[in-house]
Amino acid sequence: MIEKVIYDKNLLAIIIRKKNYPKKEGANFITSNKDPLQLGFINYPSNHIIKPHFHLKRKKIINTCPEVLIVQSGVLDVFFYTKNNQKINITKKLKSGDIILLLQGGHGFKVSKKISLIEIKQGPYLINKDKKII
């Protein structure tokens, strides 16, 4: 149901196809508690109460900049790269409703059909310090 992009024993990305969204009731996280960005699907019936809460301030050290792309429409080809800037022979095609969580390694994209995306990434983000063009 969940596609994992693995290279040299490293989890580069997780892909959730629209047709495979978890439907089980409750909070269904597809990431582990140790991942630097959590991704889950929440399913509850009408009138379900989620207890009011807030998240505690806690110092965390995050050495990566994970990002999530949600394809609203169009088609996007995703290419993957090693930490040494070498292209990996893995390509994934994302379509409307698909979600990808990019965890490590490099990546590039080709828009195959006019695209509309939502991007979520770890901040704060400084383009001149957090991004290196391959």
Side-chain angles (χ1 to χ4, degrees):
M1 288 182 63
I2 305 300
E3 294 177 44
K4 293 183 177 183
V5 179
I6 298 171
Y7 180 79
D8 200 23
K9 298 182 182 177
N10 294 305
L11 179 60
L12 304 181
I14 298 172
I15 298 171
I16 308 97
R17 303 288 178 185
K18 183 178 180 180
K19 66 180 181 178
N20 293 329
Y21 285 5
K23 309 252 186 307
K24 187 174 117 185
E25 189 172 290
N28 304 285
F29 281 83
I30 61 160
T31 51
S32 75
N33 287 338
K34 66 180 180 175
D35 286 326
L37 191 62
Q38 303 298 299
L39 178 60
F41 290 79
I42 313 297
N43 300 300
Y44 290 116
S46 297
N47 298 316
H48 178 86
I49 302 294
I50 298 173
K51 293 180 183 178
H53 65 282
F54 62 89
H55 297 267
L56 301 173
K57 280 189 169 186
R58 190 169 66 84
K59 186 174 183 175
K60 298 177 185 182
I61 298 172
I62 300 170
N63 296 319
T64 62
C65 186
E67 58 188 310
V68 175
L69 298 177
I70 304 166
V71 180
Q72 291 187 294
S73 63
V75 179
L76 184 69
D77 295 323
V78 185
F79 309 101
F80 299 92
Y81 295 80
T82 67
K83 294 175 188 174
N84 298 323
N85 305 333
Q86 299 300 311
K87 190 172 183 182
I88 298 168
N89 193 23
I90 299 173
T91 302
K92 295 292 182 176
K93 187 175 290 293
L94 303 178
K95 298 178 181 176
S96 180
D98 291 345
I99 300 170
I100 187 167
L101 169 56
L102 297 157
L103 290 165
Q104 56 181 313
H107 47 269
F109 309 100
K110 177 185 175 196
V111 176
S112 295
K113 184 178 177 187
K114 184 179 177 182
I115 196 103
S116 177
L117 295 171
I118 296 172
E119 179 177 353
I120 303 162
K121 64 183 161 198
Q122 185 69 53
Y125 186 81
L126 302 172
I127 196 162
N128 59 341
K129 292 187 177 185
D130 290 320
K131 186 176 195 174
K132 177 184 172 191
I133 300 298
I134 299 174

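Summarising the geometry, atom CD1 belonging to Ile30 is positioned 6.0 Å from atom CZ belonging to Phe41; distances are rounded to the nearest 0.5 Å. From Leu117, atom CG reaches atom CD1 of Ile115 across 4.5 Å, with rounding to the nearest 0.5 Å. Taking CG of Asn10 as the start and OG1 of Thr82 as the end, the distance is 10.0 Å to the nearest 0.5 Å. Taking CD of Gln104 as the reference point, atom CG of Asp35 lies at 9.5 Å (rounded to 0.5 Å). Taken to the nearest 0.5 Å, the CZ atom of Phe79 stands 5.0 Å off from the OG1 atom of Thr91. Taken from CG in Leu101 to CG in Leu39, the straight-line distance is 5.5 Å, to the nearest 0.5 Å.
Side-chain contact check for Asn33 versus Gln38: some heavy-atom pair is nearer than 4.5 Å. Contact of the Leu69 side chain with the Leu76 side chain is registered, since non-hydrogen atoms from C-beta on lie closer than 4.5 Å. In this structure, Phe54 and Leu56 have side chains that are in contact, with non-hydrogen atoms separated by less than 4.5 Å. Contact annotation: the side chain of Ile90 approaches that of Lys92 to within less than 4.5 Å [non-hydrogen atoms, C-beta and beyond]. With a 4.5 Å cut-off on side-chain heavy atoms, Lys131 and Ile133 count as touching. In this structure, Asn28 and Asn43 have side chains that are in contact, with non-hydrogen atoms separated by less than 4.5 Å.
By the criterion of side-chain heavy atoms lying less than 4.5 angstrom apart, applied directly or through intervening Ile, Leu, Val, Met, Phe, Trp or Tyr residues, Ile2 is grouped together with Ile120 in one hydrophobic cluster. Transitive grouping of hydrophobic side chains (ILVMFWY, heavy atoms separated by less than 4.5 Å) brings Val5 and Tyr7 into a common cluster. Tracing side-chain contacts under 4.5 Å through hydrophobic residues (I, L, V, M, F, W, Y), one never reaches Leu102 starting from Ile62; they form parts of separate clusters. When hydrophobic clusters are built by joining Ile, Leu, Val, Met, Phe, Trp and Tyr residues whose side-chain heavy atoms come closer than 4.5 Å, directly or via intermediates, Ile16 is not grouped with Phe29.
The main-chain N or O of Tyr21 is found under 3.5 Å from a side-chain atom of Lys23 such that the two form a donor-acceptor pair. With hydrogens and angles disregarded, a donor-acceptor distance shorter than 3.5 Å links the side chain of Ser96 to the backbone of Gln72. Using a distance-only test at 3.5 Å, with no hydrogens or angles considered, a donor-acceptor pair links the side chain of Asp130 to the main chain of Leu126. Side chain of Asp98 to main chain of Lys95: a donor-acceptor pair is present (N/O by atom type, distance under 3.5 Å, no hydrogens or angles).
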(request) Give the intermediate values and the outcome of side chain to side chain contact (heavy atoms under 4.5 Å, CB included) for residues Ile15 and Ile99. (result) CA-CA 6 Å; Ile15 298 171; Ile99 300 170; over 6 Å; no
(message) Let's go through Val78 and Leu94 carefully: what are the C-alpha distance in whole Å and the side-chain angles of both, what is the deciding distance for side chain to side chain contact (heavy atoms under 4.5 Å, CB included) to 0.1 Å, and is it a yes or a no?
(response) CA-CA 8 Å; Val78 185; Leu94 303 178; 3.7 Å; yes
(message) Could you walk me through whether His107 and Glu67 satisfy the side chain to side chain contact (heavy atoms under 4.5 Å, CB included) test, starting with their C-alpha distance in whole Å, then the side-chain angles of each, then the deciding distance to 0.1 Å, before giving a yes or no?
(response) CA-CA 11 Å; His107 47 269; Glu67 58 188 310; 2.7 Å; yes
(message) Thr64 vs Gln122, test: side chain to side chain contact (heavy atoms under 4.5 Å, CB included). Steps then yes/no.
(response) CA-CA 8 Å; Thr64 62; Gln122 185 69 53; over 6 Å; no
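Environment of CG in Asn85: crowded, with over 12 heavy atoms of neighbouring residues, nucleotides or ligands closer than 6.0 Å.
Defined by atom type and a distance below 3.5 Å, a donor-acceptor pair is present between the side-chain atoms of Asp77 and Ser112. In summary, the side chains of Glu25 and His48 do not present any donor paired with an acceptor at a separation below 3.5 Å, with no hydrogens or angles considered.
In terms of heavy-atom proximity, Leu37 sits nearest to Pro66 at CB-CG, 3.7 Å. The minimum heavy-atom distance between Gly106 and Ile134, with the atom names listed, is CA-CD1, 4.2 Å.
With Phe80 as the aromatic partner, Lys87 does not meet the cation-pi criteria of under 6.0 angstrom to the ring centre and within 45 degrees of the ring axis.
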